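Data first, discussion second: the structure below is written as structure tokens.
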Number of protein chains: 2
Amino acid sequence: MDQRQALTAFGALSQETRLHIIRMLVVAGPDGMAAGAIAERAEVSPSNVSFHLKELERSGLIAQQRESRSIIYTANYEALGGLVRFLMEDCCSGHPEICAPAAEVAACCTPKMEEKLQ
Amino acid sequence: MDQRQALTAFGALSQETRLHIIRMLVVAGPDGMAAGAIAERAEVSPSNVSFHLKELERSGLIAQQRESRSIIYTANYEALGGLVRFLMEDCCSGHPEICAPAAEVAACCTPKMEEKLQ
DNA sequence: TCAATGCTTCAAGGATTGTTGAAATATGGA
DNA sequence: TCCATATTTCAACAATCCTTGAAGCATTGA
């Protein structure tokens, strides 16, 4: 993840509807969600959700694939991980004060680390 | 860090000049930098840097304090750490695929963790 | 082939954000 | 007090972003 990607990714996440969509897609996992289902759950119009989905796709944070009549969107975990990494490493220069809280979260959700930290 | 703060923080980081400023202030550390020095290093006009500094302050990512004729800006490490945490925990639901790369970075910059991971 | 479904694209307008240079404010020193 | 320095504020304008509804495209089933 280079700076240009990070800038557009931050821009993508700076909008309420889009942040909501990302959260839903992360939770939905690899199966993703159809555009219509996203619109319904986010309570926005089809054309509006389409606008935001395009923006999120342009930023690389999500991907789409057609499945019959539906278009399924999925979160790009790699890109999200890359953004976290950019924020910690490139933007924040790996400062311990900034990264320490991240370490706690990481420990809680990556099984191997949790073991080592016991 | 709640969602509202995170949204404005992402917005603050989605602009090239502001991202540049944050990086400089993180590196500068607790001493911070005067507005004029920031403008010079970022190669933007005083009034433009002032506009962006105000935006960054509004987002809580930096703080200001007057020092004689200068106004010194410093990075708010706590807010930056909070943002990393928000991105991993709230936005990404602590998904291991997303948080794993963050764990590596965290391990490199927090001495205690590095020990445990050897 | 026709109609229905699911979604996107487009154009228009409003809202927000970014840039610029001039004017205003605050501080410190002669 | 007067001037220089450091920075902000303001107004105007340009650029970008968001929302809306109508029209268009792709896919499926009758």
Side-chain angles (χ1 to χ4, degrees), chain A residues 3-25 28 31-76, chain B residues 3-25 28 31-76:
Chain A
Q3 170 167 320
R4 181 160 299 276
Q5 287 177 291
L7 282 168
T8 71
F10 285 138
L13 295 180
S14 71
Q15 210 278 341
E16 196 166 11
T17 303
R18 288 195 295 259
L19 185 57
H20 189 180
I21 291 173
I22 284 284
R23 296 170 101 140
M24 292 195 304
L25 292 182
D31 288 349
M33 289 176 75
I38 297 170
E40 197 173 354
R41 282 261 305 266
E43 298 184 319
V44 298
S45 72
S47 79
N48 189 256
V49 92
S50 195
F51 169 81
H52 289 303
L53 286 169
K54 203 166 85 178
E55 198 66 15
L56 284 168
E57 207 195 356
R58 198 175 63 85
S59 78
L61 296 178
I62 68 173
Q64 69 164 199
Q65 98 209 59
R66 183 175 275 278
E67 184 100 3
S68 173
R69 268 191 281 218
S70 297
I71 294 182
I72 306 293
Y73 286 90
T74 46
N76 183 345
Chain B
Q3 171 167 322
R4 182 160 300 275
Q5 288 177 288
L7 281 169
T8 70
F10 286 136
L13 295 180
S14 71
Q15 210 279 342
E16 196 166 9
T17 303
R18 288 195 296 259
L19 185 57
H20 189 182
I21 292 173
I22 283 285
R23 296 170 102 140
M24 292 195 305
L25 292 182
D31 290 347
M33 289 176 74
I38 297 171
E40 197 174 353
R41 283 262 303 267
E43 298 183 320
V44 297
S45 72
S47 77
N48 187 256
V49 91
S50 194
F51 170 81
H52 289 303
L53 287 169
K54 203 167 85 177
E55 198 66 15
L56 283 168
E57 207 196 356
R58 199 175 63 85
S59 78
L61 295 179
I62 68 173
Q64 70 165 196
Q65 99 209 57
R66 184 175 275 278
E67 185 99 2
S68 173
R69 269 191 281 219
S70 298
I71 294 182
I72 307 292
Y73 286 89
T74 45
N76 181 345

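Values in this document were obtained by computation on a predicted structure and should not be read as measured data. The figures that follow rest on heavy atoms only: side chains count, while hydrogens, waters and symmetry mates do not.
- Taking atom CD of residue B:E40 and atom C1' of nucleotide D:dT5, one finds them 14 Å apart after rounding to whole Å.
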Quiz prompt | Stepwise side chain to side chain contact (heavy atoms under 4.5 Å, CB included) test for A:I22 and A:L13 | solution = CA-CA 8 Å; A:I22 284 284; A:L13 295 180; 3.9 Å; yes
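- Across residues 3-25 of chain A, A:Q15, A:R18 each have a non-hydrogen atom less than 4.0 Å from an atom of DNA chain D (numbered order).
- A side-chain donor-acceptor contact under 3.5 Å links A:R66 to the backbone of A:S68.
- Residue contacts for A:A34: at a heavy-atom cut-off of 4.0 Å it reaches the sugar-phosphate backbone alone, with no base atom in range.
- Both A:R58 and A:R66 lie close to DNA chain D; mapped to their nearest nucleotides by heavy-atom distance, the more 5′-ward contact belongs to A:R58.
- In this structure, A:Q15 and B:L7 have side chains that are not in contact, with every pair of non-hydrogen atoms separated by 4.5 Å or more.
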Quiz item: Taking it one step at a time, do B:M33 and B:R41 satisfy side chain to side chain contact (heavy atoms under 4.5 Å, CB included)?
Solution: CA-CA 10 Å; B:M33 289 176 74; B:R41 283 262 303 267; 4.2 Å; yes
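- One interatomic measurement links the two molecules: CD of B:Q64 to C1' of C:dT27, which rounds to 15 Å at whole-angstrom precision.
- When the nearest nucleotides of DNA chain D are assigned to B:S70 and A:E67 by heavy-atom distance, the more 5′-ward of the two goes with B:S70.
- Of the possible donor and acceptor atoms, none in the side chain of A:R18 sits under 3.5 Å from a partner among the backbone N and O of A:H52.
- If you measure from atom CD1 of A:I72 to atom C1' of D:dT27, you get 14 Å, rounded to the nearest angstrom.
- The CD-P distance, from B:Q65 to C:dA26, rounds to 19 Å in whole Å.
- Of the possible polar contacts, none joining the B:S50 side chain to the B:S47 backbone as a donor-acceptor pair under 3.5 Å is found.
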Give me, pair by pair, the N or O atoms of the protein and of nucleotides 9-12 of chain D that are less than 3.5 Å apart, along with how far apart they are.
none

Practice problem: Output, in order, the C-alpha distance, side-chain angles, deciding distance and verdict of side chain to side chain contact (heavy atoms under 4.5 Å, CB included) for B:I38 and B:V49. | Solution: CA-CA 7 Å; B:I38 297 171; B:V49 91; 3.7 Å; yes
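- The distance from the CD1 atom of B:I72 to the CG atom of B:L25 is 10.0 Å, given to the nearest 0.5 Å.
- Proximity of B:L53 to B:Q64: side-chain heavy atoms (C-beta onward) are nowhere separated by under 4.5 Å.
- A:N76 contributes no side-chain N or O that, together with a main-chain N or O of A:A63, makes up a donor-acceptor pair within less than 3.5 Å.
- End-to-end axis angle of the helix from C:dT1-D:dA30 to C:dA30-D:dT1, from C1' rotation axes over five pairs per end: 10° (rounded to 10 degrees).
- Look at CD on A:E43: it is 17 Å from C1' on D:dT19, rounded to the nearest Å.
- With respect to the salt-bridge test (charged N to carboxylate O, under 4.0 angstrom), the residues A:K54 and A:E57 do not qualify.
- Distance, A:L53 CG to C:dT8 C1': 11 Å, rounded to whole Å.
- In this entry the distance linking CD1 of A:I71 with C1' of C:dC7 reads 6 Å, nearest Å.
- A sub-4.0 Å separation between OP1 or OP2 of D:dT8 and a side-chain N or O of B:Y73 is present.
- We find that CG of B:L56 is positioned 14 Å from P of C:dT17, with the value rounded to whole Å.
- In terms of phosphate contacts, A:H52 brings a side-chain nitrogen or oxygen within less than 4.0 Å of OP1 or OP2 of D:dT19.
- Counting heavy-atom neighbours within 6.0 Å of A:Q3 CD, excluding the residue itself, gives a total above 12.
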